[in-house]
2 protein chains.
Amino acid sequence: MEKIQTPNQSDQLPESGTLASRTYESIKADIIDGTLPQGSKIVESDLALKYGISRGPLREAIHRLEQIKLVIRVPHAGSRVVTLNSKMMEDIYTARESLEGMASRLAARLMPDEDIKSLHRLLDQHEQNINEAEGKVYFQHEGDIDFHFRIAAASQNQWILENLNGELYQLIRMGRHQSGRMPSRPAAALAQHRQIVSAIEQRDEELAELLMRRHISGAWKTVKSILEENHE
Amino acid sequence: MEKIQTPNQSDQLPESGTLASRTYESIKADIIDGTLPQGSKIVESDLALKYGISRGPLREAIHRLEQIKLVIRVPHAGSRVVTLNSKMMEDIYTARESLEGMASRLAARLMPDEDIKSLHRLLDQHEQNINEAEGKVYFQHEGDIDFHFRIAAASQNQWILENLNGELYQLIRMGRHQSGRMPSRPAAALAQHRQIVSAIEQRDEELAELLMRRHISGAWKTVKSILEENHE
DNA sequence: TAGGCAGCAATTGTCAACAATTGGAATAGT
DNA sequence: ACTATTCCAATTGTTGACAATTGCTGCCTA
């Protein structure tokens with residue numbers, strides 16, 4: 001399978017950086033893919049032993065995980081992996097709708113033509129993946145996040161980019177991984193993506209924002225129904 | 001002067017909590033009011049000595065300050081107080097416009113009638129303060145933030161509330177404190193606030209969002225012009 | 001048996017010493 | 001005088017021991 005040019009978008013767990021950084025990335029990955037289950041208690045000394053480091057850097061890693069809301073910590077009592085409930089997911093999708101809508105508007109204003117062309121090519125690849133049906137859902141989701149990431153980056157708004165990429169997308173990834181099934185009609189999503197790019201291409205800020213908000217709002221409705229049927 | 005019922009909205013620096021927490025609040029206050037100037041280098045051992053604690057909790061405090069973007073840290077090199085430039089402030093105001101617009105929409109949907117009444121009373125107090133002209137600009141600004149805080153809280157969206165209150169408002173406070181002058185025509189702002197509450201009262205989500213976005217967008221234009229004339 | 005109190009084990013918070021890295025000062029070479 | 005290099009001091013990263021807090025266990029009492 002052809003490797004998609006996905007430039008290490010902030011997810012890296014290499015041998016470089018401080019111990020705290022690497023451990024942070026490791027634990028983050030473990031939480032997102034469920035190796036550390038939701039709601040499980042996190043004991044500093046245990047994890048320190050498990051990762052072969054001392055409690056100092058490990059504590060720093062946990063604090064950072066707390067900031068991106070993957071971990072909940074109560075002073076003197078300990079920390080647990082967050083448990084995603086429906087309300088929290090709704091909050092996240094709503095915030096995302098707001099921020100990505102704005103990002104889309106800004107992208108329509110600021111994205112260079114060259115990057116728009118590149119976006120088109122990305123969507124072409126996604127279309128191939130869907131048709132071949134061989135791109136497993138996993139890649140479809142990474143592709144989806146890649147698309148949204150590019151819009152966020154094109155906004156040239158650092159705050160929005162960091163919060164989407166650093167926090168919201170992680171929680172959404174986690175939600176998808178854990179709720180088992182995840183492919184929410186990729187063909188429909190692709191069509192909407194194309195609409196959005198088209199609006200950006202025409203520099204129609206209003207429309208770009210509107211379409212993105214509708215797209216995400218729709219995604220939430222799908223996720224919500226999945227959550228509900230999973231829970232009954 | 002009558003004390004306004006402003007319920008300790010998350011700004012507390014008491015004698016309670018862990019050392020790291022208290023130190024975090026102290027340093028945060030020092031940064032916001034300029035005691036620690038923008039761009040100044042932060043040396044862990046110095047600050048630890050100054051606050052009479054060891055480097056452990058102090059490091060935790062700094063990490064937390066980094067997360068809310070009051071401090072910039074580069075591994076192995078050290079940390080500095082952030083320097084607010086125009087681009088960063090624009091990013092912040094844009095993100096704020098997006099999130100508070102959404103919060104306003106949600107408030108129109110969800111805010112209890114009783115709370116709306118309370119909001120009216122708050123604005124009445126603000127009006128008094130303005131007329132008496134005795135409410136110094138300081139209180140006007142705290143009042144302004146209080147208003148926006150209540151809208152955010154009324155959204156019942158935890159993510160939006162935390163990000164506005166924990167991060168964006170702090171940076172805006174900092175910007176105001178440091179740029180010296182700050183009163184941006186409080187009467188006009190009050191009128192807009194009343195419009196927004198009115199839209200919320202009528203449960204007009206669309207209008208509530210629109211007005212809030214216009215309000216914040218206008219505020220940014222004012223701030224921007226102040227920044228520009230300050231810098232020349 | 002239910003409720004509360006005391007003491008204890010487990011866990012987090014804090015500290016001070018040690019290791020590793022960086023940026024710059026002093027030095028040498030052209 | 002200017003640039004490159006080597007070394008050193010200052011600073012951050014990491015560690016393991018110690019202190020403080022929690023909440024549980026088991027006993028006591030009504």
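Numbers restart at 1 for each chain; the letters A, B, ... are given by sequence-line order, proteins then strands.
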In whole Å, what is the span from the OH atom of A:Y51 to the P atom of D:dG13? 21 Å
With B:E66, which of B:R73, B:K28, B:R59 fulfils salt bridge (Lys or Arg N to Asp or Glu O under 4.0 Å)? B:R73
May I ask you to evaluate whether B:R55 reaches the phosphate of C:dC15, defined as a side-chain N or O under 4.0 Å from OP1 or OP2? no
Heavy-atom side-chain proximity of A:L122 to A:Q125 below 4.5 angstrom: yes
Looking at five pairs on each end of the helix from C:dT1-D:dA30 to C:dT30-D:dA1, what is the angle between the two axes, given to 10 degrees? 10°
Give the C-alpha distance, both sets of side-chain angles, the deciding distance and a yes or no for side-chain hydrogen bond (donor to acceptor under 3.5 Å, both in side chains) between A:S98 and B:R105. CA-CA 11 Å; A:S98 162; B:R105 168 185 292 271; over 6 Å; no
Provide, to the nearest angstrom, the distance between the CD1 atom belonging to A:I62 and the P atom belonging to C:dT12. 8 Å
Using a 3.5 Å distance criterion without hydrogens, assess whether the side chain of B:T222 forms a donor-acceptor pair with backbone atoms of B:G218. yes
Which ones in residues 64-74 of chain B lie close to DNA chain C, meaning a heavy atom under 4.0 Å from one of its atoms? none
Describe the nucleic acid contact of A:L58 in one word from base, sugar-phosphate, nothing, applying a heavy-atom distance below 4.0 Å. nothing
In whole angstrom, what separates A:L47's CG from D:dT14's C1'? 17 Å
Just wondering, are more than 12 heavy atoms of other shown residues or ligands nearer than 6.0 Å to NZ in A:K41? yes
B:Q178 and B:P37, any side-chain heavy atoms less than 4.5 Å apart: no
In this structure, how many angstroms lie between the P atom of D:dG13 and the OH atom of A:Y24, rounded? 16 Å
Just how far, in rounded Å, is C1' of D:dC24 from NZ of A:K41? 12 Å
Scan A:L36, A:I31, A:V82 and name whichever one has a side chain to side chain contact (heavy atoms under 4.5 Å, CB included) with A:V71. A:I31
Students often get this wrong, so: under 4.0 angstrom with heavy atoms, is B:G56 touching a base, only sugar-phosphate, or nothing? nothing
Side chain B:N163, main chain B:W159, donor-acceptor under 3.5 Å: yes
B:L49 atom CG is separated from D:dT12 atom P, nearest whole Å, by 14 Å
Return the orientation label for the B:H193 and B:H215 ring planes: parallel under 30°, perpendicular over 60°, tilted otherwise. perpendicular
Is there side-chain contact between B:I172 and B:Y93, with heavy atoms separated by less than 4.5 Å? yes
Could you tell me how far apart B:I42 (CD1) and D:dT11 (P) are, to the nearest whole angstrom? 14 Å
For the side chain of B:S45, starting at C-beta, report the closest nucleotide among D:dT14, C:dG13, D:dT12. D:dT12
Rounded to whole angstrom units, what separation is found between the CD atom of B:E60 and the P atom of D:dG13? 15 Å
For A:R59 and C:dT12, is the shortest distance between a side-chain N/O and OP1 or OP2 below 4.0 Å? no
Reading DNA chain D from 5' onward, which residue's closest nucleotide shows up sooner: A:S54 or A:H76? A:S54
Which listed nucleotide (C:dT12, D:dT15, C:dT14) is nearest to the side chain of A:V43? C:dT12
Taking for each residue the nucleotide of DNA chain D with the nearest heavy atom, is it B:E44 or A:A77 whose nucleotide lies nearer the 5' end? B:E44
